[in-house]
Asker: 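To start, I am sharing the structure in question, which I have written as structure tokens.
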Amino acid sequence: MSNFIDFNSAKKLHDMKTGQNRITELFNIQYPIIQAGMIWHSGWKLASAVSNCGGLGIIGAGSMYPDILRENIQKCKMATDKPFGVNVPMLYPNLEEIIQIILEEGVKIVFTSAGNPKTYTETLQKEGIKVAHVVSSTKFAMKCEEAGVDAVVAEGFEAGGHNGRDETTTFCLIPNVKNHISKPLIAAGGIALGSQMKAAMILGADGVQIGSRFAATVEASAHENWKKKITELNEGDTHLTLKELAPVRMVKNKFFGELEDIYQSGRDKEALIASLGRARAKRGMFEGDMEDGELEIGQVSALINDILPVETVFSNLLREFEEAKVPAL
């Protein structure tokens with residue numbers, strides 16, 4: 001397939017004023033903006049706020065016990081009459097129970113990640129559920145298409161949290177994936193501004209998934225200490241680590257230093273597991289321990305300077321998208 005990108009055609013296709021595109025049609029939403037299902041951030045308040053603004057809100061099941069997930073789904077239904085979804089990381093326990101709750105509660109959109117897209121795609125689609133799967137490489141994007149998913153999320157390694165091993169950046173990943181699949185494509189990783197959204201769509205994405213910007217919102221369920229910390233981060237304050245287990249991008253703090261000490265002493269995998277086993281992510285992002293907790297966020301946090309309501313974030317994204325211009329050659 002051709003590597004040539006028609007910038008003018010792409011710009012016209014993804015002008016917000018032209019209406020529907022493949023992502024808005026697929027999920028029945030107004031704008032092709034998806035909020036990432038981030039652990040400890042993405043409860044019903046955030047998901048419903050994003051959906052009410054015309055995007056697709058996602059409840060993050062990865063940090064929820066099954067009964068808590070059910071409660072969040074039910075509260076989200078009461079808070080919005082717009083479409084919303086659930087993110088299901090397939091490396092977490094209680095997977096069968098989580099899928100059953102999704103089916104019982106009538107959720108119509110599921111984003112899966114960290115696993116084989118074939119595992120539940122057919123089961124969910126038989127119940128009328130739209131399925132998107134998150135990948136970090138073109139190879140796995142093609143496997144998603146073979147598995148029959150409805151959309152593919154291609155995430156560059158700028159993203160926070162669990163990440164790909166190949167360390168491919170979003171700007172390299174999106175055009176390559178676009179050249180190898182025909183399914184609707186969602187770009188993720190390093191997107192917090194409307195101008196970045198437009199750039200991703202010019203490169204071939206049909207929509208974007210945004211995490212870090214929505215982490216620092218009033219409605220996010222994370223601790224206020226953590227939200228404030230996000231607004232203070234600069235370039236170089238996050239790092240990809242734990243490749244022996246599952247690569248994670250996190251903030252360099254005391255806990256990160258402990259991991260580095262383990263590496264220096266011989267990359268002891270069991271010691272890494274033991275250190276992580278102390279509920280570090282919950283301790284940091286949900287309970288607000290900025291030193292001993294695990295703090296997952298993307299590189300784009302360096303561009304986030306304030307904690308805003310979701311409605312303001314949307315207003316800024318749409319304004320920045322329209323104002324961003326592609327210079328004439």
Side-chain angles (χ1 to χ4, degrees), residues 27 29-65 67-89 92 98 101-102 105 107-111 113 132 134 153 155 159-162 186 188-189 191-194 197 207-231 281-282 284-288 295-298 300-301 304 306-318:
F27 298 130
I29 56 180
Q30 186 176 2
Y31 304 112
I33 300 172
I34 292 97
Q35 163 244 316
M38 303 165 285
I39 63 169
W40 304 117
H41 299 82
S42 305
W44 68 271
K45 289 183 180 179
L46 178 58
S48 62
V50 170
S51 291
N52 283 332
C53 285
L56 181 65
I58 302 286
I59 294 171
S63 53
M64 297 180 182
Y65 290 116
D67 59 329
I68 300 298
L69 173 61
R70 189 186 295 275
E71 178 185 347
N72 272 266
I73 292 171
Q74 291 175 349
K75 287 183 175 180
C76 201
K77 288 179 189 175
M78 291 187 287
T80 184
D81 60 358
K82 305 291 180 62
F84 69 91
V86 174
N87 173 261
V88 181
Y92 286 94
I98 286 170
I101 288 170
I102 287 170
E105 292 296 332
V107 175
K108 294 303 181 185
I109 300 168
V110 171
F111 278 51
S113 59
V134 183
V153 182
E155 183 178 80
H162 288 287
I186 300 164
I191 301 169
L193 306 175
M197 177 179 173
V208 296
Q209 177 175 282
I210 297 175
S212 298
R213 177 59 272 188
F214 286 123
T217 55
V218 173
E219 294 88 347
S221 53
H223 197 281
E224 291 303 311
N225 289 353
W226 171 225
K227 294 181 189 181
K228 184 174 183 294
K229 180 70 173 179
I230 293 171
T231 68
K282 180 181 181 182
M285 295 179 285
F286 193 68
E287 296 176 350
L295 307 174
E296 301 178 6
I297 200 73
V300 80
S301 55
I304 299 169
D306 39 24
I307 302 167
L308 299 173
V310 165
E311 186 175 5
T312 304
V313 170
F314 256 81
S315 176
N316 290 344
L317 284 169
L318 299 178

Asker: Is the closest side-chain heavy-atom distance between N87 and S113 below 4.5 Å?
Answerer: yes

Asker: So which atom in S212 and which in V300 form the shortest heavy-atom distance, rounded to 0.1 Å?
Answerer: CB-CG1, 3.7 Å

Asker: How far apart are the closest heavy atoms of G161 and E296, and which atoms are they?
Answerer: CA-OE1, 3.3 Å

Asker: Between R213 and D306, is there a salt bridge with N-O shorter than 4.0 Å?
Answerer: yes

Asker: Is I210 close to L317 at the side-chain level, that is, under 4.5 Å between some pair of heavy atoms?
Answerer: yes

Asker: Name all residues meeting the side chain to side chain contact (heavy atoms under 4.5 Å, CB included) criterion together with N225; count only those two or more places apart in sequence or in a different chain, and write none if there are none.
Answerer: H223, M290

Asker: For A216 and I304, which heavy atoms make the closest approach, and how far apart are they?
Answerer: CB-CG2, 3.9 Å

Asker: Which value, rounded to the nearest 0.5 Å, describes the distance between E219 atom CD and I307 atom CD1?
Answerer: 11.5 Å

Asker: Is it true that a side-chain atom of N72 and a backbone atom of G43 form a donor plus acceptor pair closer than 3.5 Å?
Answerer: no

Asker: Using atom types as modelled and distance alone, determine if a side-chain donor or acceptor of K227 lies under 3.5 Å from a backbone N or O of A220.
Answerer: yes

Asker: I'd like to check the side chain to side chain contact (heavy atoms under 4.5 Å, CB included) partners of S315; sequence neighbours left out, ordered by chain and number.
Answerer: none

Asker: Distance check, rounded to the nearest 0.5 Å: I230 atom CD1 versus I297 atom CD1?
Answerer: 4.0 Å

Asker: Enter the distance from I59:CD1 to I68:CD1 here, rounded to the nearest 0.5 Å.
Answerer: 12.0 Å

Asker: Under the salt bridge (charged side-chain N to carboxylate O under 4.0 Å, His left out) test, which residues partner K282, sequence neighbours left out?
Answerer: none

Asker: Quick check: closest heavy atoms across C76 and A47, and the distance to 0.1 Å?
Answerer: SG-CB, 4.0 Å

Asker: Between S48 (side chain only) and A79 (backbone N and O only), is there a donor and an acceptor less than 3.5 Å apart?
Answerer: no

Asker: Find the distance between CZ (F84) and CD1 (I73) and round it off to the nearest 0.5 Å.
Answerer: 6.5 Å

Asker: Test of understanding: with side chain to side chain contact (heavy atoms under 4.5 Å, CB included), list the residues that count as partners of F314, not counting sequence neighbours.
Answerer: Y31, I33, V50, C53, F214, V310

Asker: Heavy atoms only: give me the nearest I109-P83 pair and the separation to one decimal.
Answerer: CD1-CB, 4.1 Å

Asker: Going by the side-chain hydrogen bond (donor to acceptor under 3.5 Å, both in side chains) test, which pairs reach into residues 77-86, not counting sequence neighbours?
Answerer: N52-T80, K77-E105

Asker: For the atom pair OG (S63) and CE (M38), what is the distance rounded to the nearest 0.5 Å?
Answerer: 10.0 Å

Asker: Compare every heavy atom of A132 with every heavy atom of V153, then report the nearest pair and how far apart it is.
Answerer: CG2-CB, 4.4 Å

Asker: So for atom CD, which belongs to E311, do other residues, nucleotides or ligands contribute more than 12 heavy atoms lying within a distance under 6.0 Å?
Answerer: no

Asker: Could you name each residue pair satisfying side-chain hydrogen bond (donor to acceptor under 3.5 Å, both in side chains) that touches residues 32-47, not counting sequence neighbours?
Answerer: Q35-S42, H41-W226

Asker: Hey, does the side chain of S51 reach the backbone of G57 with a donor-acceptor pair shorter than 3.5 angstrom?
Answerer: yes

Asker: Can you measure from CD1 (I102) to NZ (K108) and round to the nearest 0.5 angstrom?
Answerer: 12.0 Å

